[in-house]
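Before I ask anything, here is the structure I am working with.
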Amino acid sequence: MAVTNTPTTCDGLFIVILTTLVISSSLFGTSNAQLNATFYSGTCPNASAIVRTTIQQALQSDSRIGASLIRLHFHDCFVNGCDASILLDNSGSIQSEKNAGPNANSARGFNVVDNIKTALENACPGAVSCSDILALASEASVSLSGGPSWTVLLGRRDSLTANQAGANSSIPSPFESLSNITSKFSAVGLNTNDLVALSGAHTFGRARCGVFSNRLFNFSGSGNPDPTLNTTLLSSLQQICPQNGTGSGITNLDLSTPDAFDNNYFTNLQSNNGLLQSDQELFSTTGSATIAIVTSFASNQSLFFQAFAQSMINMGNISPLTGSSGEIRLDCKKVNGS
């Protein structure tokens, strides 16, 4: 199904493990350079600590900011690669990805990215790219919420333009079939294991009625709710999102531990408590290879954490700009000199 243009919001990600952590970005055909873990060791050695401190401060007043930041990284990487194009505002030559269907009135956390950028510019002027900020912020958001840590590979540069049409067509939608979403992951070099692992980011954060209300009353034109939705959860969601309501209600993606990064997302799927259609289909699509992966992650949190960390590295390697391509934006919202 095509991405809806209805303003909606959902934190987190839509959502064979690679053994080599340093993956050449030439794997995706855009550069012969490599991202590496020590890229800023000489120019901004405290970059990771600065990012982490800023997010710690933001979490004190906004418990969902971690999920929102990782969603920015995800929505960025699926459109022209991990190049911070999602952060650009409208200008005379740029149609902002912020106004695309998957992001309009839903993507959030831009102010925290700006705060991180300001802190980094004060410490290391002109050194750290906005695209690397999104990668570092994702790792910090997960680890600060009880999830795994991983070595973030760095060296991305920032795009000079955005791709609003690409954001509308390339970002997986919560209303799409599992086969369509799998195809969108495959298009950027990510496999089924990556799809299930990265969907596990829905173990924290919130979602607005508009991204799941299709399941509550008239699923696929049937006149009935989605049969794969737990009936107790259904009753609760119908109260939050009445049939003729405004659609502005918000609920937790994970009912049990909404602000903790754990494997409860997968145990929720096993009891039909996945909030989004795209979540529940990972477990409820008969014959799908995703079922066994969900089951393994539900029974072994360490396995999920290991897979999630590796899949985040894989996703972060989608077509980065490196070397002399792009630029290091001084303000993440606009290209330099504009």
Side-chain angles (χ1 to χ4, degrees), residues 25-26 28-36 38-55 58 68-69 71-100 103-104 107-140 152-167 170-171 315-338:
S25 57
S26 62
F28 300 102
T30 60
S31 172
N32 292 320
Q34 286 186 329
L35 303 180
N36 65 79
T38 58
F39 188 82
Y40 296 113
S41 59
T43 57
C44 197
N46 295 322
S48 180
I50 290 169
V51 172
R52 188 178 182 88
T53 297
T54 308
I55 294 175
S68 297
L69 290 169
R71 183 172 183 253
L72 286 181
H73 186 38
F74 175 78
H75 281 207
D76 179 45
C77 289
F78 267 67
V79 183
N80 290 12
C82 307
D83 62 358
S85 59
I86 193 173
L87 303 178
L88 288 170
D89 284 343
N90 274 329
S91 72
S93 60
I94 291 172
Q95 284 190 303
S96 177
E97 292 171 22
K98 296 177 182 180
N99 298 324
N103 299 322
R108 61 192 303 275
F110 298 107
N111 60 320
V112 177
V113 174
D114 289 340
N115 291 342
I116 294 169
K117 182 61 173 173
T118 297
L120 287 169
E121 286 299 310
N122 288 337
C124 325
V128 182
S129 68
C130 299
S131 47
D132 277 347
I133 287 173
L134 292 178
L136 288 165
S138 295
E139 190 280 333
V152 181
L153 304 182
L154 301 164
R156 301 167 191 82
R157 288 168 66 84
D158 300 325
S159 68
L160 303 176
T161 189
N163 184 358
Q164 187 180 113
S170 300
I171 297 172
M315 187 183 81
N317 274 278
I318 298 172
S319 303
L321 299 173
T322 57
S324 59
S325 300
E327 66 180 11
I328 306 298
R329 281 187 223 139
L330 302 180
D331 180 341
C332 291
K333 298 186 295 297
K334 60 184 182 180
V335 298
N336 294 341
S338 64

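Counting begins at 1 with the first residue of the sequence.
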(message) With rounding to the nearest 0.5 angstrom, report the CG to CD1 distance, Leu120 to Ile133.
(response) 5.0 Å
(message) Test of understanding: with side chain to side chain contact (heavy atoms under 4.5 Å, CB included), list the residues that count as partners of Thr161, not counting sequence neighbours.
(response) Ile94
(request) Please name all residues satisfying side-chain hydrogen bond (donor to acceptor under 3.5 Å, both in side chains) with Asn99, sequence neighbours left out, ordered by chain then number. (result) none
(request) Using the test side-chain hydrogen bond (donor to acceptor under 3.5 Å, both in side chains), find all partners of Arg157 that sit at least two apart in sequence or belong to another chain. (result) none
(message) Please find the pair of heavy atoms, one from Cys77 and one from Gly316, that lie closest to each other, and give the distance.
(response) SG-CA, 4.5 Å
(request) Check Asp158 against Ala84 and note the closest heavy-atom contact, atom names and distance. (result) OD1-CB, 3.6 Å
(message) Once side chain to side chain contact (heavy atoms under 4.5 Å, CB included) is applied, do any residues pair with Asn115, and if so which ones, sequence neighbours excluded?
(response) Thr54
(message) Is any side-chain heavy atom of Asn103 closer than 4.5 Å to one of Ile171?
(response) yes
(message) I need the Arg52 CZ to Glu139 CD distance, nearest 0.5 Å.
(response) 6.5 Å
(request) Under the side-chain contact (heavy atoms from CB on, under 4.5 Å) rule, what do Glu97 and Leu88 come out as? Steps first, then yes or no, please. (result) CA-CA 7 Å; Glu97 292 171 22; Leu88 288 170; over 6 Å; no
(message) Main chain of Ser96, side chain of Gln164: is a donor-acceptor contact present, judged purely on distance under 3.5 Å?
(response) yes
(message) Taking salt bridge (Lys or Arg N to Asp or Glu O under 4.0 Å) as the cut-off, I'd like each qualifying pair that reaches into residues 74-96, sequence neighbours left out, listed once.
(response) Asp89-Lys98
All N/O donor-acceptor pairs, side-chain side in residues 39-51, below 3.5 Å, sequence neighbours left out:
| from | atom 1 | to | atom 2 | distance (Å) |
| --- | --- | --- | --- | --- |
| Tyr40 | OH | Ser129 | N | 3.3 |
| Tyr40 | OH | Asp132 | OD2 | 2.5 |
| Ser41 | OG | Thr38 | O | 2.9 |

(message) So, taking the atom named CZ in Phe110 and the one named CD1 in Ile86, what distance separates them when rounded to the nearest 0.5 Å?
(response) 5.0 Å
(request) For residues Gln95 and Ala162, report the shortest heavy-atom separation together with the two atoms involved. (result) O-CB, 3.7 Å
(request) Just jot down the side-chain hydrogen bond (donor to acceptor under 3.5 Å, both in side chains) partners of Glu121, sequence neighbours excluded, or say none. (result) Lys117
(request) Drop me the distance from Cys332's SG to Asp114's CG, to the nearest 0.5 angstrom. (result) 6.5 Å
(message) Applying side-chain contact (heavy atoms from CB on, under 4.5 Å) to Leu154 and Val128, what does each step give before you reach the verdict?
(response) CA-CA 9 Å; Leu154 301 164; Val128 182; over 6 Å; no
(message) For the CD1 atom of Ile318 and the CZ atom of Phe74, what is their distance to the nearest 0.5 Å?
(response) 8.5 Å
(request) Using the test side chain to side chain contact (heavy atoms under 4.5 Å, CB included), find all partners of Asn336 that sit at least two apart in sequence or belong to another chain. (result) Glu327, Arg329, Leu330
(request) Kindly give the heavy-atom pair with the smallest separation between Leu321 and Gly326, and that separation in Å. (result) CD1-CA, 4.2 Å
(request) For residues Ala107 and Leu72, report the shortest heavy-atom separation together with the two atoms involved. (result) CB-CD2, 4.0 Å
(request) Return the minimal non-hydrogen interatomic distance between Ala137 and Ile116, and the atom names on each side. (result) CB-CD1, 4.4 Å
(request) Output the distance between atom OG (Ser85) and atom CG (Asn163), rounded to the nearest 0.5 Å. (result) 7.5 Å
